[in-house]
Amino acid sequence: KRPILLQGHTRSLTQIKYNREGDLIFSVSKDQIVNAWYSHNGERLGTYNGHVGAIWSVDVNSTTTLLITGSADNSAKLWNVQTGKCLHTWEFKTAVKRVAFSEDDTMALAVTEQRMGYPGTIVILPINPDIGAQRPKAMVAVWGNLNKYIITGHEDGSIALYNWKDGEKLNSIHPHTGEITDLQASEDRTYFITSSKDKSAQIFESNTLMPLKKYVTDAPLNSASITPIQEFVILGGGQDAMQVTTTTMRQGKFECRFWHRILEEEVGRVKGHFGPINTIAVHPDGKSFSSGGEDGYVRVHHFDNDYFKFRYPELS
Amino acid sequence: EDSIALTSVSKELLAHRRRLIDEWNAWRKRVEKELAEERERAGLPPIQKRDTENMEIIE
């Protein structure tokens, strides 16, 4: 029978591994790419991209859920076999020449190269067996009230509530469909606001993550702040210039948007920045606020009397 | 007829807004009470609320 040719690597192969069932082959190469193949027909299942140097070694755990690689970029990486996502990176002083999972998959060894005054080492890496626990990257976080909890906002739009003392995750929700870019607590920390690339901002109760309010805009948001005097929130963001294909954006068009915190209605805008608004903070006395833009400016805005007098006439 | 329709719409909106305000205020009352009790148990002073009602606006 003729051999099956696995075509996909562009440079020298360095190691091949079968999974326990033998239906898959993992191969690594000096071309910095990990390939996964079906062993029965040679069809490529996928690639794992992330290393920036030759890859010397690869191993797959006994349940074919995790892959570990060692590279000349002085790192070892842990991958989710199915999604291709890099779950963890371990940094070393020199190249990682060999990696291998332990029999029970709870550890891996890494052999690092002796070079330039660094001794060669054999390092044992702990492997978290629960892939689900490898949470998407946390982007922002705040303290809850009475220093008991921390609340984290993640790259995938999820929010988690942790008891920081023992690291226990108490609750987690997935209210946004895009990266959470900011998380700011109310004055007494009983609630907080999130901003997201999904163009919305939301308010949640701190201790329960119960959703309370949602503000839906037309631009990706980078920051959201709660005002102490009026029942407002201030939202800022805007499309990055890099992502705008046509230059239809008028200069100074980037606006801080004011929404009524309780009624979820937009009540006004303050413009001025020449680029997306990256961060917003409100003065503790609630009489002014500052916005920081991609344009490099901080704008300190003092509210005028109309702001303080603002009322829904029919509600007062 | 048009004006009647408008009024009824705004009445609905008004009722909606009132409901949102009432719900929020009831919720605030509850969490502020819970927080005050918790702070007392922890031996912490109550959070000073800013006096926004009697705030002086300097012209």
Side-chain angles (χ1 to χ4, degrees), chain A residues 143-149 165 185-193 202-215 226-233 259-267 282-288 302-316, chain B:
Chain A
W143 287 91
N145 56 43
L146 293 165
N147 320 318
K148 282 188 296 186
Y149 310 126
K165 275 178 186 150
S186 69
E187 214 176 349
D188 63 6
R189 300 176 192 265
T190 54
Y191 63 102
F192 64 91
I193 188 165
Q202 295 188 52
I203 282 182
F204 304 88
E205 187 175 85
S206 300
N207 291 351
T208 61
L209 301 187
M210 177 174 72
L212 296 169
K213 296 292 167 189
K214 186 169 184 174
Y215 316 96
I226 295 164
T227 60
I229 292 183
Q230 287 278 18
E231 303 270 21
F232 293 158
V233 295
W259 284 65
H260 196 278
R261 184 154 73 231
I262 303 169
L263 303 179
E264 301 170 314
E265 295 171 13
E266 187 169 340
V267 292
V282 182
H283 192 295
D285 70 8
K287 293 176 191 171
S288 60
H302 289 268
F303 295 126
D304 55 25
N305 287 329
D306 290 347
Y307 174 86
F308 303 106
K309 284 177 188 156
F310 180 90
R311 291 282 181 277
Y312 280 88
E314 62 272 37
L315 285 171
S316 47
Chain B
E1 274 173 1
D2 279 355
S3 66
I4 291 164
L6 276 172
T7 324
S8 79
V9 165
S10 73
K11 256 185 191 164
E12 266 171 38
L13 183 63
L14 183 61
H16 173 69
R17 285 172 171 171
R18 281 239 167 86
R19 188 174 58 79
L20 291 179
I21 299 267
D22 290 345
E23 280 174 4
W24 178 271
N25 288 341
W27 170 74
R28 286 307 303 160
K29 217 172 153 182
R30 179 172 64 76
V31 295
E32 279 170 13
K33 185 166 167 278
E34 283 170 7
L35 182 63
E37 288 166 359
E38 217 173 334
R39 286 186 73 90
E40 200 182 334
R41 275 199 300 277
L44 294 164
I47 289 176
Q48 294 289 320
K49 263 210 102 182
R50 282 177 204 283
D51 188 0
T52 57
E53 290 302 312
N54 300 313
M55 196 190 57
E56 200 182 334
I57 298 167
I58 298 138
E59 302 270 341

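All of these numbers come straight from a predicted model, not from anything done at the bench. Lettering follows sequence order; numbering is per chain, from 1.
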Is there a side-chain contact between F192(A) and L212(A) (heavy atoms, below 4.5 Å)?
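Result no, sub-4.5 Å side-chain heavy-atom pair not found.
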Residues in ring-ring contact (aromatic ring centres under 6.0 Å, His included) contact with W27(B), at least two apart in sequence or another chain:
Y191(A), W24(B)
What class does the angle between the rings of F310(A) and Y312(A) fall in, given that below 30° is parallel, 30 to 60° is tilted and above 60° is perpendicular?
perpendicular
Is it the side chain or the backbone of R28(B) that comes within 4.5 Å of chain A heavy atoms, both, or neither?
side chain
For chain A, the option from H16(B), E38(B), R39(B), R19(B) that forms the most heavy-atom pairs under 4.5 Å:
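It is E38(B).
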Among I21(B), N25(B), L44(B), single out the residue with the greatest number of heavy-atom pairs under 4.5 Å to chain A.
I21(B)
Heavy-atom neighbours of E40(B) CD exceed 12 at 6.0 Å
no
Pick from L263(A), N207(A), N145(A): which one has the most heavy-atom pairs with chain B under 4.5 Å?
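Option with the top pair count is L263(A).
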Relative to chain B, which of E265(A), E264(A), E231(A) shows the most heavy atom pairs under 4.5 Å?
E265(A)
State, without any angle test, whether T227(A) and Q230(A) hold a side-chain donor-acceptor pair at a distance under 3.5 Å.
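Distance-only check fails for T227(A) and Q230(A).
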Using non-hydrogen atoms only, which part of D188(A) is less than 4.5 Å away from chain B: side chain, backbone, both, or neither?
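Answer is both: backbone and side chain atoms of D188(A) are under 4.5 Å from chain B.
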